[in-house]
Amino acid sequence: MGTGQELYNKAKQLIPGGTMLLSKRPEMFLPDQWPSYFSKSKGCTVWDLDGKKFLDMSIMGIGTNALGYGNNEVDAAVIKTVKKGNMSTLSCAEEVYLAEKLMEINPWADMVRFARTGGEANAIAIRIARAASEKDNVAICGYHGWHDWYLSANHNGGDDLKAHLLPGLSPKGVPKNLKNSVFPFHYNNYEELLDIVEQHNIGVIKMEVMRNFGPEDNFLQKVRALADEKNIVLIFDECSSGFRETYGGIFKKFNVIPDMVMFGKTIGNGYALTAVVGKKSVMEAAQSTFISSTFWTERIGPTAALTTLGIMEREKSWEIITATGIKMQKGWKDLASVHGLDITVSGIPAMTTYGFNYDNAAIYKTLITQEMLKKGFLASTNFYACTAHTDAHLKSYFEALDGVYGIISKCESGEVNANKVLNGPVCHTGFKRLN
Ligand SMILES: Cc1ncc(COP(=O)(O)O)c(C=O)c1O
């Protein structure tokens with residue numbers, strides 16, 4: 001057992017759930033064998049606690065580092081800020097410069113509030129939008145964080161959030177009187193949204209612009225028109241999709257403008273900064289309620305975001321990572337076809353995933369992580385591209401993956417027993433208790 005696995009066993013005693021983020025739990029990749037902790041990261045390379053080096057062909061910090069880990073320019077700006085002071089009784093000027101920059105990127109918007117996590121930005125946006133619309137009820141489509149307002153949807157009578165990222169999210173601890181205040185609708189199902197809006201006095205619609213599939217039949221245009229007709233605040237959550245397809249929101253591609261949008265993840269390239277950007281008519285409602293937090297005023301986040309936005313604009317990073325993602329998607333499909341395997345690839349190219357269309361899908365996913373780890377890759381069945389990923393990285397990744405697909409193919413033909421290929425337990429696929 002490596003140092004990381006040992007430390008994780010200790011963590012499970014000290015930290016309920018083992019880590020602060022479900023997606024980084026070792027059980028989501030390779031129970032008992034995942035290296036779990038890093039000592040160093042740079043570009044798209046990660047070193048574990050024993051100094052073993054891995055090429056990160058998986059979630060890249062769960063999409064935080066589109067310019068690679070430890071980007072020299074971003075780090076230099078942050079180090080300068082650290083040396084000059086991260087905090088003081090006075091506010092940092094960078095938050096105003098960043099606000100101006102975000103207005104330049106979003107000419108339809110007038111104002112912005114900053115936070116440090118995506119869940120916070122979502123909670124802020126919901127508070128402001130509820131205050132602006134003077135209505136409590138919200139329709140949602142997508143994953144919008146862990147806060148009470150969102151999780152309360154699972155009080156409505158079932159696992160309503162199952163279709164929106166993860167099954168099995170328990171609303172325990174969320175007040176039951178929030179029941180029937182948040183109503184999930186399925187992507188591309190306009191009739192369902194219309195029904196919810198007509199039945200539940202909806203004041204806010206919040207959605208991811210796209211995740212696994214694109215809009216069909218003018219879905220986004222119809223949602224916009226409905227929001228206009230019923231005086232509903234329309235919010236796009238671009239915490240994950242932002243700056244991966246355009247210089248800003250993916251909504252720009254579809255010519256639909258929201259009333260508010262949240263950005264996170266990519267915007268600070270690994271440093272914590274999230275933004276709620278919106279029209280003055282809505283954003284000013286922030287002054288009629290109380291939204292305030294000490295560490296939303298620290299200086300590293302806006303410093304990192306300003307520098308990151310400058311680099312992205314200069315390098316057109318969204319084009320680079322999209323091109324890499326397209327190669328990845330093509331590579332998976334080609335390799336599957338060579339081995340006669342049935343897979344479904346989805347997601348925008350720079351944040352993409354695939355699944356095996358077999359009963360043993362979870363075993364195969366775990367097998368990929370197990371075998372690729374031996375060959376020096378952090379890999380699963382999803383991929384977040386960064387500008388540090390090169391064609392040479394993709395080539396070595398596919399050479400290694402070829403052997404694993406070979407084993408999977410033999411499992412499907414019956415030559416190899418799928419129940420015997422794993423050296424440990426199968427990975428978790430949804431939310432599970434660890435004990
Ligand atoms: C669309 C979207 N919104 C909100 C969040 C929550 O962000 P955080 O994990 O920073 O709280 C995520 C995280 O994956 C996300 O993808």
Side-chain angles (χ1 to χ4, degrees), residues 17-25 28 58-66 113-129 138-153 161 163-167 169 174 182 184-187 204-215 220 234-246 248-251 258 260-278 291 293 295-296 298 300-301 304-305 308 321 346-348 350-353 380 382-385 430-431:
T19 75
M20 272 34 81
L21 181 76
L22 178 65
S23 311
K24 281 194 187 172
R25 279 189 187 173
M28 300 302 275
S58 62
I59 61 174
M60 281 300 298
I62 197 85
T64 48
N65 286 70
R113 284 292 302 251
F114 297 113
R116 293 297 179 275
T117 76
E120 282 177 341
N122 271 273
I124 292 169
I126 283 294
R127 175 76 70 74
I128 295 175
V138 176
I140 59 116
C141 179
Y143 174 63
H144 306 299
W146 65 275
H147 289 72
D148 281 8
W149 77 266
Y150 178 71
L151 220 51
S152 71
L161 295 175
H164 296 272
L165 192 69
L166 281 176
L169 297 179
V174 176
V182 173
F185 60 97
H186 292 84
Y187 194 75
V204 184
I205 298 173
K206 175 182 277 187
M207 60 185 296
E208 288 187 70
V209 180
M210 67 170 285
R211 189 119 193 167
N212 290 326
F213 315 100
L220 297 172
L234 176 60
I235 309 176
F236 286 160
D237 181 355
E238 296 252 15
C239 279
S240 275
S241 53
F243 297 94
R244 290 192 214 275
E245 291 256 320
T246 71
I250 199 168
F251 68 83
M260 300 169 96
V261 64
M262 281 84 63
F263 296 109
K265 308 249 187 185
T266 49
I267 199 174
N269 203 54
Y271 294 98
L273 192 286
T274 54
V276 181
V277 172
I291 304 170
S293 180
F295 281 112
W296 290 344
E298 64 79 40
I300 290 175
T308 300
I321 59 177
S346 59
I348 60 171
M351 185 174 71
T352 182
T353 182
S380 179
N382 45 5
F383 175 66
Y384 284 76
F431 178 77

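These values consider heavy atoms only, across backbone and side chains, with no hydrogens, waters or symmetry-generated copies. These numbers come from a predicted model, not from an experiment. Start at 1 and go down the list; that is how both ligands and their atoms are numbered.
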What is the minimum heavy-atom distance between Glu120 and Ala115, and which atoms define it?
OE1-CB, 3.4 Å
Would you mind running through ligand 1 and noting each atom that sits below 4.0 Å from a heavy atom of Tyr143?
1 (C), 2 (C), 3 (N), 4 (C), 5 (C), 6 (C), 12 (C), 13 (C), 14 (O), 15 (C)
To the nearest 0.5 Å, atom CG of Asn122 lies from atom CD1 of Ile235 at 8.0 Å
Nearest-0.5 Å distance that lies between atom OG1 in Thr274 and atom CD1 in Ile267
8.5 Å
What do you reckon, does Gly119 have a nitrogen or oxygen under 3.5 Å from a nitrogen or oxygen of ligand 1?
yes
Which of the numbered atoms in ligand 1 are under 4.0 angstrom from any heavy atom belonging to Glu208?
1 (C)
Region of Thr274 engaging ligand 1 - heavy atom pairs below 4.0 Å
neither
How close do Phe114 and Ile124 get, counting heavy atoms only, and between which atoms?
O-CD1, 4.5 Å
Looking only at heavy atoms, what is the nearest atom pair of Pro215 and Leu220, with distance?
CG-CD1, 3.8 Å
Using distance alone, determine whether Gly118 and ligand 1 share an N or O pair under 3.5 Å.
yes
What atoms of ligand 1 come closer than 4.0 angstrom to any heavy atom of Asn122?
3 (N), 4 (C)
List the closest protein heavy-atom neighbour of atom 3 (N) of ligand 1: residue, atom name, distance to the nearest 0.1 Å.
Asp237 OD2, 2.6 Å
Distance from atom 14 (O) of ligand 1 to nearest protein heavy atom, with residue and atom:
Lys265 NZ, 3.0 Å
Tell me if a side-chain donor or acceptor on Thr353 pairs with a main-chain N or O of Ser346 at a distance below 3.5 Å.
no
Output yes when the distance from some N or O of ligand 1 to some N or O of Ser240 is under 3.5 Å, and no in every other case.
yes
Which is it for Trp146 and ligand 1 at heavy atoms under 4.0 Å: side chain, backbone, both or neither?
neither
Could you tell me the residue and atom name of the protein heavy atom closest to atom 9 (O) of ligand 1, and the distance to it rounded to 0.1 Å?
Leu21 CD1, 4.4 Å
Do Phe243 and Glu238 have side chains that approach each other closer than 4.5 Å (heavy atoms only, starting at C-beta)?
no
What class does the angle between the rings of His144 and Trp149 fall in, given that below 30° is parallel, 30 to 60° is tilted and above 60° is perpendicular?
parallel
State if Glu120 counts as touching ligand 1 under the rule of any non-hydrogen atom under 4.0 Å.
no
Any heavy atom of Arg211 sitting closer than 4.0 Å to ligand 1?
yes
Which ligand 1 atoms, with their elements, are less than 4.0 angstrom from a heavy-atom of Cys239?
2 (C), 3 (N), 4 (C)
Heavy-atom donor-acceptor pair, Arg25 side chain to Thr19 backbone, under 3.5 Å:
no
